[in-house]
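Notes for the one structure printed next.
Below, read A as the first sequence line, B as the second, and so on, with proteins coming before strands; counting in each chain starts at 1. The basis for the numbers below is simple: all heavy atoms, side chains too, and nothing from hydrogens, waters or symmetry mates.
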2 protein chains.
Amino acid sequence: MARTTGSHSDITGPKVREAALRLFAQNGFAAVSMRAIASEVGVQAGALYNYTPDKQTLLFNLLCTHMEQLLAAFSDDTSLAPVDRLRRFVDFHIRFHADRPDEVFISYMELRNLTPDNFGAVEALRRQYEDRLETILQSGADAGDFDIADTKIATLAVIAMLTGVNTWFRVGGRLSLDQVIAQYWDMVRKSVVSG
Amino acid sequence: MARTTGSHSDITGPKVREAALRLFAQNGFAAVSMRAIASEVGVQAGALYNYTPDKQTLLFNLLCTHMEQLLAAFSDDTSLAPVDRLRRFVDFHIRFHADRPDEVFISYMELRNLTPDNFGAVEALRRQYEDRLETILQSGADAGDFDIADTKIATLAVIAMLTGVNTWFRVGGRLSLDQVIAQYWDMVRKSVVSG
DNA sequence: TTTGCCTTTGAACGAGCGTTCAATTAGCGT
DNA sequence: ACGCTAATTGAACGCTCGTTCAAAGGCAAA
């Protein structure tokens, strides 16, 4: 049985993941050494291997956890009108991603550093998230509320547009998050509603 | 005077840049060794240093060249109506980027591997390109053709949406490039025109 | 106080890294 | 045919990499 009181494991474990997340986001997976992560945590490199079998798995767990939290955090409300479901999605997506810039960054930048198996697992989670939006767009198209030539393309277009916020938005900048969300919602709504 | 006929320099030089571009796009700058590039070209690693002072400059030149070609390739026609100028921009952006997936990829993924000076230079070029679009949006807003709360945000939103095409579009896929452009133009137009 | 396990250290491993450079090759101008 | 020089080789430099592991440390239970 693992020790609880006085165990460093419960402290060091999260610190390892936090340091890896920050450093991967800042410098890129390939450019961050295990020694650099260990130094950030305050231990020697060898100690990291109590918390991850290897560097690859460390990255994979960060990406997987992020995607799972993303999926768990959004719940569609199919009783609403499609336009309101879409509004909720836009609001959620921008807020959730603005809260987690590092996780979002590595989720887009470090996919190629995953082994094929790990990449497949993360891709499947991402596709699940995209499907949530596509379902909303399809509902609106079926109801005649939306005018969309191809819902798959519209899904990817909207997500790309919304996720782009993360490349420039900073808390305390010229615009508040609410202002940003308002404008993006205006653009997204107009881009899909029937003309 | 450099030799021309029979000189390997004129052959090896471009081959080095092409190999570096492909490998950087495929595996990431940090994960590609000079020996890997040399092997792709068919020379030893030392020979690369006839064509670049170092690995960093090799990356910088690829990004710089790409941005300069992008700026040189698009010319706005201010005599057209704003909506037509915007249509031309959307068409150009998607086509130009779809033609150069590797260049676009490294231009977004490898910015952080540039030294601060080199990063600044590439960023300045990128901002120039963004300004081209913002000018168009501003003209349309001034003329009352567009309804845009903040032209800077709209600029970034549109570019993010359009550049997102590169993450999934493949020649020979379900949709032709013309079909893709048509739908993106429809969405972009609706997202900015007066409602 | 002793026992026993969890945690960490610190050294070591083989490998690969970017870069340099003297020596060699090979082809053009003469 | 020869000399010149651009182009390339191949070895070497010092360094960092991910990972392993025997040894040591430290805390809880007995």
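- Y108(A) carries R126(A) over the face of its six-membered ring, with the cationic atom under 6.0 Å from the centre and within 45° of the normal.
- For a distance-only test at 3.5 Å, the side chain of R35(A) qualifies as a donor-acceptor partner of the base of dG18(D).
- Contact between the side-chain N/O atoms of Y49(A) and the OP1/OP2 oxygens of dT9(C) is not found at any separation under 4.0 Å.
- For Y51(B) and dA7(D), the OH to C1' distance is 6 Å, given to the nearest whole Å.
- Judged purely by distance below 3.5 Å, without hydrogens or angles, the side chains of T155(B) and E130(B) never pair a donor atom with an acceptor atom.
- In this structure, A47(A) and V32(A) both approach DNA chain D, and ranking their closest nucleotides by distance from the 5' end singles out V32(A).
- Of the candidates dT9(C), dG18(C), dT19(D), the closest approach to any side-chain atom of M34(B) belongs to dG18(C).
- Residue contacts for V41(A): at a heavy-atom cut-off of 4.0 Å it reaches no nucleic acid atom on any strand shown.
- Among the nucleotides dG10(D), dT19(D), dT8(C), the one closest to the side chain of A45(A) is dT19(D).
- Rounded to a whole Å, the CD1 atom of I11(B) is 11 Å from the P atom of dG27(C).
- Nearest to the side chain of N50(A), among dT19(C), dT19(D), dT8(C), sits dT8(C).
- With rounding to whole Å, L48(A) atom CG is found 13 Å from dC17(D) atom P.
- Judged by the 6.0 Å and 45° rule, R87(A) forms no cation-pi pair with F89(A).
- For S33(B), a side-chain nitrogen or oxygen approaches OP1 or OP2 of dC17(C) to under 4.0 Å.
- When the P atom of dT16(D) is taken as reference, atom CG of N27(A) falls 16 Å away, rounded to whole Å.
- Between dT7(C) and T12(A), no contact under 4.0 Å exists linking OP1 or OP2 to a side-chain N or O.
- What separates NZ of K15(B) from C1' of dT8(D) is a distance of 13 Å, to the nearest Å.
- Taking atom CD on Q44(B) and atom C1' on dG18(C), their separation rounds to 15 Å, with Å as the unit.
- dT19(C) atom P lies 5 Å from atom CG of D54(B), rounded to whole Å.
- For the residue pair D54(A)/T57(A), the side-chain donor-acceptor check at 3.5 Å is satisfied.
- A cation-pi arrangement is absent between R127(B) and Y129(B) under the rule of less than 6.0 angstrom and at most 45 degrees off the ring axis.
- Rounded to an integer number of Å, the gap from I37(B) CD1 to dG16(C) C1' is 15 Å.
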